[in-house]
Structures are given as C-alpha cells and as structure tokens.
There are 2 protein chains.
Amino acid sequence: MNTEGTRRDEIINTATKLFKEKGYSAVTMRDLATAMGMKAASLYNHINSKQEILKAIIISLAEAFTQGMETIKNSDETVIRKLNLIVALHVDITTKNPYGMASLNNDWMHLEEQLEYYLQLREGYEQDFVAIIKNGIASNEIVDTNPEVIMFSILSTLRSLYLWIPNKDDLDPKILAQNLSDVLINGINK
Amino acid sequence: MNTEGTRRDEIINTATKLFKEKGYSAVTMRDLATAMGMKAASLYNHINSKQEILKAIIISLAEAFTQGMETIKNSDETVIRKLNLIVALHVDITTKNPYGMASLNNDWMHLEEQLEYYLQLREGYEQDFVAIIKNGIASNEIVDTNPEVIMFSILSTLRSLYLWIPNKDDLDPKILAQNLSDVLINGINK
DNA sequence: ACAACAAACTAACACTTGTTAGTTTGAATA
DNA sequence: TATTCAAACTAACAAGTGTTAGTTTGTTGT
C-alpha cells in the first residue's frame with residue numbers, strides 16, 4: 001500500500017491552480033502535464049479522465065459546505081451567531097483551498113454525471129441559508145427586508161472570497177472573518 | 001448603407017448567451033453557428049474571429065462602468081449617496097445585459113490584445129471606488145473598518161448580480177437597487 | 001540477483017477546433 | 001434585364017483535443 005494518492009494529489013493540486021487561472025475548458029491535458037513536468041499520457045497512470053479531476057475538486061468542497069451548514073443549522077445559537085458561523089465557514093474553507101473555490105464557482109457546469117448531485121447540494125445549502133434568515137426576521141433579530149436579497153448579498157460576498165484571499169495572506173483569517181461579519185451584518189453606516 | 005450591424009449584433013447576442021452558459025472556451029464556433037441556424041463558416045461573413053466577439057462583449061461593458069464611475073466620482077454628493085449611485089450603476093448595466101456580465105466576470109482572461117486595457121480599466125475602477133470609501137471614513141460618514149474589506153464586500157455583491165437578476169425579472173430594478181443599498185450600507189442587524 | 005511495481009515514456013487514434021477559399025442564392029437597385 | 005451585394009453554402013486545412021496501448025526505467029523489498 002501507499003501514503004494513498006500522493007502523486008494523484010499533486011496532479012489534482014496542479015490542475016486546481018491551472019483551472020483557476022484559465023478555467024476548466026481552456027486547460028488541456030498537455031498543459032497540465034507540462035506543469036507537472038511529464039507527458040500527457042503519463043497522467044493517466046494516476047487519474048482516469050479530465051472529468052474525474054474536476055469532480056475531485058468540486059464535490060469535496062461542496063460536501064464540506066453542506067456538512068458545515070448542517071452543523072450550524074442544528075446548533076443552538078442565535079440567528080446572528082449562526083450568520084457569524086456561516087461567514088467563518090466560508091473563510092475557513094476558502095483559506096484552505098482558494099483555487100478550488102474558483103472551479104466550484106465557475107466550472108461546476110462542466111461536471112457531467114455529478115452535475116445533478118452538485119446542484120442538489122447547492123440548492124439544499126441555499127434553502128438552509130434562507131431559512132435561517134427568515135427565522136431571524138420572524139424573531140425580530142434582523143431587519144425585515146426581502147430574505148432572498150439578504151441571502152444573495154451575503155452569499156455573493158462569501159462566494160467571491162477566493163478572488164481575494166490569495167492576495168491578502170497577510171490578513172489573519174480570524175480577523176478577516178470578524179471584519180466581514182461586522183460589515184455584512186452591521187453595515188458601514190455610522 | 002444599413003441599420004448597421006444587425007446580423008453581426010444577433011451573432012454577438014447569441015454568443016453572449018452561450019458564453020454565459022458554458023464559458024467562452026467551451027463554446028465552439030459550430031455551437032454558435034447551430035444556435036444561429038447556420039454553418040460555422042458563414043459566421044465569418046459578419047465577424048473576423050471568435051476573439052473579436054469576446055472583445056465586443058467585454059470591452060463595451062467595462063467602458064460603461066468606467067464612464068459611470070467617472071460621473072459619480074466627479075459629482076457633488078455625499079459619500080453615502082455616491083455609494084447609492086454605484087449600486088444603481090451596477091443594477092442598471094446588469095439589468096440591460098446580464099449575460100454579458102457573465103463574460104466580464106469569468107472570461108476576461110481570454111482577451112488577448114485587449115487584456116491589458118481591460119485590466120487597466122478594472123484597476124482604475126477599483127481605485128476610484130476605494131478612494132470614495134476612504135473619503136467616507138475620513139469625513140466620518142462611514143465606519144472605520146479596513147476600506148478594502150468594505151469595497152470587496154460591496155463589489156462582490158454587485159459583480160454577482162448577473163447571476164441573480166435574470167431569475168428575478170418580477171423585481172423592479174429601482175426597488176432592487178433600493179433594497180441592495182439598504183442592506184449593503186445599513187446591514188441587517190435590528 | 002530477481003521479481004514486483006510505480007511512474008514515466010513513445011506512438012498513435014479518432015475527433016474537434018478555428019479559420020480560409022471559393023461558390024451559390026436570392027433579393028434590391030440601376 | 002442585368003448588376004450588385006449581403007449572406008448563406010460546401011469543402012478543406014493544419015493544429016490541437018482527450019485518451020489508449022504497449023514499452024522502458026529505476027527503485028525497493030526478498
């Protein structure tokens with residue numbers, strides 16, 4: 001046996017970076033091979049298809065979000081605190097794999113067999129999110145604006161973190177999460 | 001002479017929709033031709049290259065943002081009001097061409113000769129934006145948090161509008177802009 | 001020394017890519 | 001009626017695509 005997948009993981013990590021720069025469709029197996037210092041055919045000793053790489057990148061991330069949301073949803077916290085935890089979840093996952101988040105956001109439509117499953121996870125996540133917001137409105141914790149506008153506004157920012165975090169590695173994730181929570185929840189008006 | 005470019009414009013509009021669904025690289029000239037009800041070679045009676053289509057989509061949008069920002073920047077308004085105007089600018093442009101915004105956000109890296117120019121416009125836009133926020137902090141109009149976090153948070157939401165607006169055409173742009181301004185500036189805390 | 005094996009290689013495949021050249025069609029203009 | 005012209009067509013190209021088959025290489029444990 002092995003340390004399980006070391007070489008395969010290197011390929012997936014390299015692909016992740018290339019996908020974030022040019023997008024899945026624009027990256028060829030020969031590009032990937034060159035970046036790995038080998039020939040395209042050699043990649044197939046470690047992976048079964050280009051598709052499979054995309055799946056490995058996206059599905060694990062999507063499941064991490066679903067699992068995190070499950071925990072938050074079932075926790076015994078105020079709505080504001082749950083929103084804090086959602087922000088922290090996104091900052092955490094994105095900090096650990098910012099390049100993969102690019103594929104999650106931009107290349108999900110090139111999943112094939114796994115497309116439906118991915119959309120399911122995404123749909124579930126958004127339903128849980130909007131339910132939390134509706135609870136907050138009902139319990140008078142948050143302002144009574146269109147709940148979907150609120151979710152969209154917060155989620156757009158969190159989904160774009162991958163564009164930003166790699167350029168700001170001087171910023172501590174804890175502090176970033178705190179600042180973001182502040183701005184998203186309390187606004188910027190003085 | 002002509003109504004100038006009618007057929008060419010149809011091709012660009014059709015391409016815009018296809019690009020938003022699959023991304024620039026994944027759309028072939030044969031896909032585009034099929035969607036237009038013609039053969040790939042016939043497209044070249046109206047356009048010079050695939051590249052040129054992308055350029056036509058992206059650069060005009062980027063210039064619209066730059067021009068809008070110029071007007072706002074030079075206007076004689078409070079910082080909060082300027083931010084309202086920026087929100088309205090994004091809602092306006094995105095409502096008029098939501099599909100094109102997908103390319104602006106996701107396919108800009110496939111510009112070639114125009115890439116540098118695009119990046120220039122984008123850089124300028126962000127500098128103007130962050131300058132407005134810094135003014136607001138200095139004049140005590142807005143809260144003293146990291147100005148880049150504030151800009152990032154607002155701009156991420158505005159840049160994601162294209163994902164959302166096409167599904168919500170029951171929502172009046174004026175009302176949407178108002179709701180968004182509220183949430184982005186005043187937050188959601190009660 | 002030998003067997004086993006991970007990991008690279010060369011060569012080739014069937015197909016798809018953007019694009020060009022030259023031709024046909026049918027309606028508007030002279 | 002003859003001419004012009006936009007806009008479609010067929011045919012083909014050179015290069016690039018993901019992937020397969022079979023082979024070589026070098027290390028590791030027996």
Side-chain angles (χ1 to χ4, degrees), chain A residues 1-59 103 106-115, chain B residues 1-59 103 106-115:
Chain A
M1 285 299 149
N2 214 341
T3 332
E4 189 48 33
T6 303
R7 204 72 180 116
R8 181 175 192 270
D9 289 349
E10 285 181 53
I11 290 173
I12 290 174
N13 288 338
T14 304
T16 305
K17 284 178 203 161
L18 295 182
F19 290 170
K20 99 114 199 327
E21 274 159 23
K22 310 174 56 180
Y24 174 76
S25 299
V27 175
T28 71
M29 295 304 276
R30 284 165 182 84
D31 290 339
L32 176 53
T34 300
M36 286 292 297
M38 58 171 78
K39 292 300 170 72
S42 308
L43 295 168
Y44 289 83
N45 288 318
H46 308 284
I47 52 105
N48 294 311
S49 68
K50 192 187 178 190
Q51 269 291 316
E52 189 194 68
I53 300 176
L54 188 66
K55 173 189 159 187
I57 296 171
I58 292 184
I59 297 296
S103 288
N106 301 322
D107 292 324
W108 57 267
M109 69 282 270
H110 301 116
L111 291 170
E112 286 172 7
E113 302 97 64
Q114 303 84 19
L115 178 56
Chain B
M1 286 294 153
N2 214 340
T3 331
E4 190 45 38
T6 303
R7 204 74 180 115
R8 181 174 192 270
D9 289 348
E10 285 180 53
I11 290 173
I12 290 174
N13 288 338
T14 303
T16 305
K17 284 178 201 160
L18 294 182
F19 290 171
K20 99 113 194 334
E21 274 159 24
K22 311 174 56 179
Y24 174 76
S25 300
V27 174
T28 69
M29 296 303 276
R30 284 164 182 83
D31 290 339
L32 177 53
T34 301
M36 286 293 296
M38 57 171 77
K39 294 300 171 70
S42 308
L43 294 168
Y44 290 83
N45 286 320
H46 308 283
I47 52 105
N48 294 311
S49 67
K50 192 186 177 191
Q51 268 291 316
E52 186 194 69
I53 300 176
L54 188 66
K55 173 190 161 188
I57 296 171
I58 292 184
I59 297 296
S103 288
N106 302 320
D107 293 324
W108 57 268
M109 69 282 271
H110 301 117
L111 291 170
E112 287 172 7
E113 301 97 63
Q114 303 83 21
L115 178 57

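So you know, we letter chains A, B, ... as the sequences are listed, proteins then strands, and number each from 1.
Interface residues of residues 28-51 of chain A facing DNA chain C, ordered by number: Arg30(A), Met38(A), Lys39(A), Ala41(A), Ser42(A), Asn45(A), His46(A); criterion, heavy-atom separation under 4.0 Å. Residues of residues 16-23 of chain B that place a heavy atom closer than 4.0 Å to DNA chain C do not occur.
Note on Arg7(A): a side-chain N or O is less than 4.0 Å away from OP1 or OP2 of dA8(C).
Checking side-chain atoms of His110(B) against main-chain N and O of Lys22(A) turns up a donor-acceptor pair under 3.5 Å. Side-chain atoms of Lys55(B) do not come within 3.5 Å of backbone N or O of Glu113(B) as any donor-acceptor pair.
Counting heavy atoms from C-beta on, the side chains of Ile57(B) and Asp107(B) never come closer than 4.5 Å. Contact of the Met36(A) side chain with the Glu10(A) side chain is registered, since non-hydrogen atoms from C-beta on lie closer than 4.5 Å. Here the side chains of Asp31(A) and Thr34(A) are not in contact, with every heavy-atom distance at 4.5 Å or above. Proximity of Met109(B) to Glu21(A): side-chain heavy atoms (C-beta onward) are nowhere separated by under 4.5 Å.
With Phe19(A) as the partner, the side-chain contact (heavy atoms from CB on, under 4.5 Å) test is satisfied by one option alone out of Ile58(A), Val27(A), Asn106(A): Val27(A).
Annotation: the span from Ile47(A) atom CD1 to Ile12(A) atom CD1 amounts to 8.5 Å, rounded to 0.5 Å.
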